[in-house]
Amino acid sequence: MSTPDDKVPEAEIETPHVAKVGVHDKGHNVTSFNEEPINGLIADIADGDE
């Protein structure tokens, strides 16, 4: 039986940053220029980093 003292650590969530040309964003939380969240791999392909 769990008690209130048995805390499960919360996963750290990376603060999203704007995707940039020349920066490999794969595996990171990124946004487009208008702050829409996008997949880092897609951002890399779109700006030529992959």
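Please read all numbers here as calculations on a predicted model, not as lab measurements.
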How many angstroms lie between atom CG of L41 and atom NE2 of H28, to the nearest 0.5 angstrom?
12.0 Å
With a cut-off of 6.0 Å (strictly less than), are more than 12 heavy atoms of other residues, nucleotides or ligands near CD of E35?
no
Between the main-chain N or O of D49 and the side-chain N or O of D44, is there a donor-acceptor pair closer than 3.5 Å?
no
Answer whether the closest heavy-atom distance between the side chains of D25 and H17 falls below 4.5 Å.
yes
Nearest heavy-atom neighbours spanning A43 and I38
CB-CD1, 3.8 Å
Hey, does the side chain of N29 reach the backbone of T15 with a donor-acceptor pair shorter than 3.5 angstrom?
no
I would like to know whether V30 and N39 meet side-chain contact (heavy atoms from CB on, under 4.5 Å); could you show each step before the answer?
CA-CA 7 Å; V30 295; N39 183 299; over 6 Å; no
